[in-house]
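Lettering follows sequence order; numbering is per chain, from 1.
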Amino acid sequence: MIKLLKNKFEQGYRTSGYPKTPVELPPRYRGLPAIHQDAPGEMADKCEKACPQRAIDAKTRRIDMGRCVFCGECERISEGSFVSFTRNFGISASCREHLLTDGTLPSLAEHAKAHFRKLFGRSLQLRQVSAGGCNACEADLNVLATPFFDLSRFGINFVASPRHADGIVVTGPISRNMKTALLETYNAVPAPKVVIAAGSCAISGGPFFGSPEVSEGLESILPVDLFIPGCPPHPLTHLHALLTFFK
Amino acid sequence: MKIKFITIKNGEAVPRNRIPHLAFDDFRNDALTIVGSGGNVVQFFVYPDTGGSLKMLAVLRSGNSLLTAGCDAPEIWPSFTAVHPPFNLFEREIAEQFGITPDKHPWLKMVRYHANYRGADDVFGNDYTQDIPGNYPYYAVKGEEIHEVAVGPVHAGVIEPGHFRFNCIGERVLHLEIQLGYQHRGVEQLLLNAPPLRFPIIGEGIAGDTAIGHSLCMAQAMEALSGIVPDPGARIVRTIALELERIANHIGDLGALSGDVAFLPVANYCGRMRGDFLNMSLLMCGNRFGKGLIRSGGVRFSPTNEDRGILSRRIKELKPQVEHTIDLLFSASSVRARFEGCGPVPTEDARKLGLVGPAGRGSGLSYDVRRCFPTEHYDRLDIPENLETGCDVYARARVRADEVLQSINMIQSLLRFPVETSCVQPNGFSMAPSSFTVTVNEAWRGEVSHAVLTDEEGKLLRYKIKDPSFHNWNALAMALRDTGISDFPLNNKSFNLSYCGVDL
């Protein structure tokens, strides 16, 4: 008992004040990209060619955050002159096209669907489906339950059964072998239901695009309400998306 | 009888014509002799040679040696598994990938559920128009009062998909059969067709919780084949990253184990502290899982002296908290009552199955790549044996806890001096033609290995990936025998094996 109390005292209170108090991520964190529209065309072309995810369009000077894995290669090659990643972790969107960014992102709050807020604003129960994910997205969704993020204080929980859920959070590029299980889970969720694509795999196939064993993103299979980019998305990106979209 | 396999080094590029090409019978006899006398399989796979003929290649380990040889792959061959079980998944994988058959394999069934690469007749008689790996007649126990429990692919928690089929009598599990494959993304085939600039991104996605372990194997393989040598500073950064990955995952699992026996203080403390270690990776490279850090030739980010200071301070603050939390966990009688004697895998079984990593060390097998085949900075570090002989959940948890504390000390000592490394720029590199290399590293689950073969033009001919879980899944099934079904989550977490690392 004494050991328990001593540990409790040592551990202290750890829950973050976010969203009331801002959280700052370290300098190397790569969030919303800033794209410098005045950079020489040559440099833009070079970055486009070097992008392993084919996420850069040098002509329109846009980055597809749904394909991007935020490896930062373009920033390094251009030494920040074409792309530099900011520490802004609020990078989610309610439609796929918004992720094709020129460095700006439409406000998620303004595009959130009002009826979802009304229905789920006070209580949101989600069923997670891993469909070919590498377990990084799953792990960083799981941490939302740890004391620092403490998701349940916002009335949001991950539940065991789709029957108890208001929606699904899908991770992974939807492997061929998981497609049926995913659809069955989706069908088991009572309507009205929300569909969230978390991570570059679920949005576009991510690192595995082009493999015949995976899809090109969840939207090719189900209607998606919320896109959360990243490889994996930072837990704060998840939290920001859920709070902005539903609260 | 003289063994015809030759010895190769970890991460050495070997010209393919140096690898002995044996007659199949010699190949089989030698392989069985090596594994039968205390060795284990590191890699065993088939590749189509340039002419189109199928060849087998094995890398085995015996003591501190890696041994390799190859042979022509027969359409049907007398199964190795029938003699020594460590070949089990390897032979099934070969049958699945190339449509050739290990005869009298004790349990020939699919691994990942996909059509073979050659368009040959399917060995398992599967119809792949149905996309459900679990749609197959499971091993069933018959009798009055026997019941089956089917779990997954979608599980209750936020975890990866897999199917578990329990045959029980009352609460007691007689048999557990595990069917994976749901996470199959076609990684090995994708690598053959993708441009090299995608390799590291794909490599980091093989198993995200082992991003460092797998990308290290990949980078070392590419370095071996292209003759690039990373500088000593980069080796230190990579070593720190691999140890941080180990600490974060072990602490997370200790917390999960604690949660599974309803001891919530430690579950919460560990959940929080795991995040603190992931945040150290975030500080080093901008990603909590270390994605983007390791590339062929070195690392992309070098810790500044300021970074070193921050990391050292954080570890200094965390170390006593970790120590006290671990002490709290193992001294709670309610925890010990559930951990001790639960899910035993006796040493003899562990050896027969060929277990690796903490799962093996908890069952009395001391093998640790960091000691036997050291890479990076490990030849200068003192890696303890970490041997537990309890063979139960307690032993597996104890190994993890000990490793956490050791890894913290390792990182502390590595951070003591400035690290100088010039960050690698992405450059096109050319791989040596007609060469072979195999790399092994001790990731947090155990031995990760990548094997790469190049053709006459220096292009990839075969990229073979093996996650440690490939050796260990059967141990979970063994641990569950005669164990209460309610202890499944506890046992599962004590191994915490990778689904995607096996499914590829």
Drop me the distance from [X]'s [atom1] to [Y]'s [atom2], to the nearest 0.5 angstrom.
X	Y	atom1	atom2	value
A:Arg76	B:Arg300	CZ	CZ	5.0 Å
A:Gln128	B:Ile159	CD	CD1	9.5 Å
A:Lys6	B:Leu328	NZ	CG	11.0 Å
A:Cys134	B:Glu160	SG	CD	8.0 Å
B:Leu283	A:Tyr29	CG	OH	14.5 Å
A:Lys3	B:His324	NZ	NE2	10.0 Å

What's the shortest heavy-atom distance between [X] and [Y], and which atoms?
X	Y	value
A:Asn177	B:Arg112	ND2-O, 2.9 Å
A:Gly132	B:Arg185	O-CD, 3.1 Å
B:Ile202	A:Pro207	CG1-O, 3.5 Å
A:Met178	B:Pro153	SD-CB, 4.0 Å
B:Leu197	A:Lys49	CD2-O, 3.8 Å
B:Leu282	A:His234	CD2-NE2, 3.9 Å

Audit row: B:Glu204, A:Cys231, side-chain contact (heavy atoms from CB on, under 4.5 Å) steps and yes/no: CA-CA 10 Å; B:Glu204 286 165 347; A:Cys231 184; over 6 Å; no
Considering only heavy atoms, which portion of [X] lies under 4.5 Å from any heavy atom of chain B: side chain, backbone, both, or neither?
X	result
A:Cys201	neither
A:Arg127	side chain
A:Thr146	side chain
A:Phe208	both
A:Ser211	both
A:Lys8	both
A:Val159	backbone
A:Leu4	both
A:Arg14	side chain
A:Glu184	neither

Counting only heavy atoms from other residues, nucleotides and ligands, does the tally under 6.0 Å from [atom1] of [X] exceed 12?
X	atom1	result
A:Arg153	CZ	yes
A:Arg54	CZ	no
A:Glu216	CD	no

Worked verdict on B:Phe289 versus A:Asp140 for side-chain contact (heavy atoms from CB on, under 4.5 Å): CA-CA 10 Å; B:Phe289 296 84; A:Asp140 261 355; 3.2 Å; yes
Side-chain donor-acceptor pair present, A:Glu213, B:His114, cut-off under 3.5 Å: no
Contact leader toward chain A among B:Gly292, B:Gly157, B:Gly205, where contacts are heavy-atom pairs under 4.5 Å: B:Gly205
Option that, when pairs with chain A are counted at under 4.5 Å, heavy atom only, ranks first among B:Cys500, B:Ala156, B:Gly271: B:Ala156
Which atoms of B:Arg288 approach chain A - backbone, side chain, both or neither, heavy atom under 4.5 Å: side chain
